[in-house]
Amino acid sequence: MDAALDGEIKRLTALGLHRRCVEGGLARTAALTLEINRLKAEKNAVICAHVYQTPEIILGIGDLTGDSYKLAADCRTTAADSIIFCGVHFMAETAKILNPSKKVYVPSKNAGCSLSEAVTAADVRGLKAAHPGLPVVTYINTSAEVKAESDCIVTSANAEKILRRLYEKHDRLIFIPDRFMGANLAATLGKTPGKDIILWHGTCVVHEKFDPALIAVYRRRYPGLVALAHAECPAELISAVDFMGGTGDMMRYVAGTNAAAYLLVTECGFGELAALKFPEKNFIAMCRLCPYMKSITLGSVLALLKDPSPEEVTVPPGIAARAKTAIEKMFELAA
Ligand code: SF4
């Protein structure tokens, strides 16, 4: 066997990827990661990989990895000429807004997001007209045009903290587009939806469908189980679990505790990553695949590196400047 391929197989094995069942086996995966990492270095590109990607993307080729907040923060300091975003389109737009001089690419034409598609800039202008003077707080899962109409962006990692700070100055605010996350935040902060916090009707197609009744079933089957759910889940589900947060919060919770078993209620890639990071812990899968995130594969990343031109992400400068102000407000308030 080729020595470079043999070395790559050993590297992936040390990362635990030999335990994954992937098409073509580990040798096929290693051939792809080897070629991607070679081309990436040759083109001075950096790969951002969100935690909902597959472990072979996150661990095999990712340079910057994490949740939306961490990726947005970390990509600001990259010295690479281009950013390949293994995540969804709004994340790549955010990277472009924060790094206007760099070329940014997404290796899939289908990497959308149901939340991002649930609200338009015209919708936000309508909300502002209906509720004049209220600050617009916008989840990062939105288009650049929607961000440009907003006062402050939040992620699941910092939404509670930023809302607390904004409520020090405002009695009411608008939160878009995730109605479940908005309602969960309202419950945490003791606010009333429709009165203190104006919500929109967006939902995540992955997190809206988990069945709360199953949590009790899992608890009976696995004594000592701790259930963690993403803040995009409906309130009935959240009330049945032990911990609600973003994926970064969930990973820190798992790292800092020693439960008999963990039920991770979110996208499947996160559970796969957690199992690889903590092989000594017991994870129970109650997960769903995000079709947008999973439209990216090692093959599509390699195809992009060979011919990036069709997948470049652009944001009109006027939109980018206004969106950047709202994103920078997030970094300021989350600090
Ligand atoms: S998991 Fe939900 S919020 Fe995240 S990208 Fe997929 S559809 Fe959007």
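Counting starts at 1 for both ligands and their atoms, following the listed order.
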Restricting to disulfide bond (SG atoms under 2.5 Å apart), what partner residues turn up for C113, sequence neighbours left out?
none
Would Y167 and L134 show up in the same hydrophobic cluster when neighbours are defined by side-chain heavy atoms closer than 4.5 Å?
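Unlinked, Y167 and L134 end up in two clusters.
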Partners passing side-chain hydrogen bond (donor to acceptor under 3.5 Å, both in side chains) against T247 (at least two apart in sequence or in another chain)
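side-chain hydrogen bond (donor to acceptor under 3.5 Å, both in side chains) check on T247 returns nothing, list empty.
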What protein N/O/S atoms sit under 2.8 Å from atom 6 (Fe) of ligand 1, by chain and number?
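C290 SG, with waters left out.
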Are Y218 and Y262, when compared by the centres of their aromatic rings, separated by less than 6.0 Å?
no
Among protein heavy atoms, which sits nearest to atom 3 (S) of ligand 1, and what does the distance come to when rounded to 0.1 Å?
N141 ND2, 3.1 Å
For residues 89-97, run the donor-acceptor check on the side chains, cut-off 3.5 Å, and write out each pair with its distance to 0.1 Å, sequence neighbours left out.
residue: E93; atom: OE1; partner: A144; partner atom: N; Å: 2.8
residue: T94; atom: OG1; partner: F90; partner atom: O; Å: 2.8
residue: K96; atom: NZ; partner: P100; partner atom: O; Å: 3.2
residue: K96; atom: NZ; partner: K102; partner atom: O; Å: 2.7

Under 3.5 Å side-chain donor-acceptor pair for Y292 and S108:
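No, no side-chain donor-acceptor contact under 3.5 Å.
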